[in-house]
Each structure stands twice: as C-alpha cells, then as structure tokens.
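Counting from 1, the numbers follow the sequence of the chain as shown.
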Amino acid sequence: MNQKNKSITAEPVFKAFIYVVLITLAILIIVPVAWVFLASIKENSEFYGNPWALPAGFYWQNFVDAWNSASMGSYMINSVIVTALSLALLLVIALPAAYCLSRFQFKGRKFLNTCFMAGLFINVNYIVVPIFLMLKDGDVWLKNLIGNGFFLNNIFVLAVVYASTALPFTIYLLSGYFATLPHDFEEAAYIDGAGYGSTMVRIIFPMAQPSIITIILFNFLSFWNEYIISMTLMSSAQGQKTLPVGLLNLMQAQQSSAEYGILYAGLVLVMLPTLVLYICVQKKLTQGMTVGGLKG
C-alpha cells in the first residue's frame with residue numbers, strides 16, 4: 001500500500017519535471033529564431049544599442065538589399081533547382097527499390113538490405129574528397145576527349161550526388177514502412193488484373209503517404225542546408241552557388257561592412273522555406289515517424 005502511494009505521489013513530480021524540460025527546450029529553440037526574425041527588420045543603427053530591444057519599425061529594405069545586392073535571390077533559385085532535382089531523382093530511385101526490397105522475396109535481397117543499412121554508417125562529409133577527385137578525373141578525361149568538362153560546377157551533377165548520398169537512409173525508412181502494410185490490397189489488385197507497377201503506384205504509394213512525406217521533409221532539409229559538398233563541387237561556378245554557400249559569402253561581406261540587418265535578413269531567407277514546409281507537414285511527419293523498423 002505504501003509503495004502504491006509513493007508511486008502516485010511521484011507521478012505528478014515526474015510530469016512536472018518533463019514539462020520543465022520541454023518548456024526549457026522550447027525556449028532554447030524559439031528565442032534564437034525569434035531574435036533572428038526581429039533582427040532582420042532592424043536598421044543598422046539599432047544594433048549598437050540593446051541587442052534585446054524590439055525593433056523601432058519594420059525596415060524591409062534589409063530583405064531587398066539581401067535579395068538584390070547580395071545576390072541571395074539567385075542563390076535561392078539555385079538551391080530550389082538543386083533541391084527539386086535531388087528529391088525527384090531520389091524518389092524515382094528509392095520508392096521502387098524500397099518497394100521491391102520490402103514486398104518481394106528474391107535472391108540477393110538480404111545482401112542488398114545489408115548494403116543499404118551499412119550505408120547509414122557512412123558520413124558523407126568524409127567521402128567528399130574522393131567524390132571530388134573522381135569527378136575531377138572525369139572532367140579531365142572529357143576535356144581531352146571533347147574539349148569541355150561536365151562533372152564539376154554542374155547543378156545536375158550536384159543533384160545526382162545529393163540523391164546518391166541520401167539513398168541508404170531513404171530506402172531504409174521506406175522499406176520499414178512498406179513492410180508494415182498488409183498484402184491483402186496487393187492481392188486484390190492482382191486479381192483485378194493490375195500489374196506490379198500500377199499496384200505500386202495506385203495502391204502502395206497512397207497508403208505510404210506519411211512515410212513518403214517524412215523522407216521528403218528530411219531530405220529537403222538536408223539538401224537545402226548542405227554546404228560542404230556544394231562548396232567543393234561548385235567552387236568555380238560563381239553564378240550557380242547554392243544558398244548556404246551564398247550565405248557564407250554574405251556573412252563575410254557584411255561583417256566587414258557592419259551591415260548586420262542585411263546579414264540577418266539573409267539568415268531568414270534561408271530558414272523561412274524550411275519552417276513553412278515543416279508547419280505544413282507536421283502531422284504527417286509525426287505519423288510517418290511512429291512506424292518504422294526494417295523487417296526481414
């Protein structure tokens with residue numbers, strides 16, 4: 001009886017502790033983000049006073065200057081193109097691959113699953129140099145053959161590299177979700193005369209929508225914020241740099257000229273698409289993450 005009373009007494013204390021931890025984490029995340037948004041609409045003279053003071057007004061010229069004079073507009077367009085291409089390539093390859101690995105039994109299936117799971121433990125940043133050297137050798141060969149290179153400073157090749165490096169995680173997550181879906185729907189479709197391709201597209205993919213939205217969001221964040229690969233493979237392409245690389249150039253330029261408002265406006269331009277996307281798909285993301293685990 002005493003033990004039961006102790007557990008009842010400890011439960012409110014434990015809940016209070018959880019709430020305190022969650023509120024603290026929320027404050028640590030929300031306050032810096034809100035500060036950046038407020039700083040982006042301040043005039044430059046306001047940064048020399050109290051950094052926590054609210055802006056005197058809405059100085060939208062910071063965004064205009066960041067978009068035009070700092071070329072953040074062209075950098076954002078490049079990031080949109082690269083991210084869209086990467087996601088399209090990734091989905092076209094990963095969705096059928098995950099479907100086959102999770103729904104069919106064939107020779108070599110376990111080996112392929114093991115290879116994709118092993119790819120989860122490879123940090124992409126550690127293999128950037130070998131990728132660069134491989135593409136550089138390919139460019140040298142093409143220049144000797146036709147006089148022009150192709151593999152370096154090319155947005156499409158950058159998108160291919162992004163999609164390739166994201167395949168292990170994407171196939172792992174999708175396979176785990178596909179494996180949880182019942183086979184009854186597929187069997188009914190086969191009886192009605194549907195083929196494997198139409199069954200995959202019309203039956204399985206709509207049922208796996210939460211998981212697909214989850215991998216789209218995760219990979220969007222990864223591609224949108226990626227810096228090291230983009231900086232390495234697009235080092236000589238001045239007009240084709242992505243937004244994170246352009247943001248670094250903006251930071252270096254504005255720190256020397258002390259134009260802090262333009263700098264924070266550039267940070268907002270980088271953060272805003274990811275925040276909007278997360279808000280739109282938050283429920284689907286939570287649903288997709290609750291089902292996982294790779295089967296057989």
Parallel, tilted or perpendicular: which describes the rings of F104 and Y99, with under 30° parallel and over 60° perpendicular?
perpendicular
Do the side chains of N78 and L243 get nearer than 4.5 Å, heavy atoms only?
no
Going by atom types only, do N113 and S175 share a side-chain donor-acceptor pair under 3.5 Å?
no
Given side chain to side chain contact (heavy atoms under 4.5 Å, CB included), test L112 with F106 step by step and report yes or no.
CA-CA 11 Å; L112 290 175; F106 55 89; 4.0 Å; yes
Under the 3.5 angstrom rule, does the side chain of N62 hit a backbone N or O of K42 as a donor-acceptor pair?
yes
Supply the atom-to-atom distance L174 CG to I212 CD1, rounded to the nearest 0.5 angstrom.
6.5 Å
Do the non-hydrogen side-chain atoms of M234 and V245 ever get within less than 4.5 Å of each other?
no
Criterion ring-ring contact (aromatic ring centres under 6.0 Å, His included) against Y264, the qualifying member of F37, Y59, W35
W35
Run the numbers on V161 and V124 for side chain to side chain contact (heavy atoms under 4.5 Å, CB included), then give the verdict.
CA-CA 10 Å; V161 173; V124 179; over 6 Å; no
Is there a donor-acceptor pair under 3.5 Å between the side chain of S198 and the backbone N or O of G195?
yes
Side chains of V82 and F223, heavy atoms from C-beta outward: is any pair under 4.5 Å?
no
Let me see the working for I229 and I131 under side chain to side chain contact (heavy atoms under 4.5 Å, CB included), right down to the final yes or no.
CA-CA 9 Å; I229 298 177; I131 293 174; 5.7 Å; no
Using only atom types and a distance under 3.5 Å, with no angle test, would you say the side chain of D139 pairs donor to acceptor with the backbone of L152?
yes
How many angstroms lie between atom CD1 of I215 and atom CG of L87, to the nearest 0.5 angstrom?
7.5 Å
The test is side chain to side chain contact (heavy atoms under 4.5 Å, CB included); show your working for F116 and L101 and say whether it passes.
CA-CA 11 Å; F116 283 118; L101 289 173; 3.8 Å; yes
If you count heavy atoms of other groups shown closer than 6.0 angstrom to CZ of F132, is the number above 12?
yes
May I ask you to decide if V80's main-chain N or O and T83's side chain share a donor-acceptor pair within less than 3.5 Å?
no
Would L275 end up clustered with W224 when hydrophobic side chains under 4.5 Å apart are linked, directly or stepwise?
yes
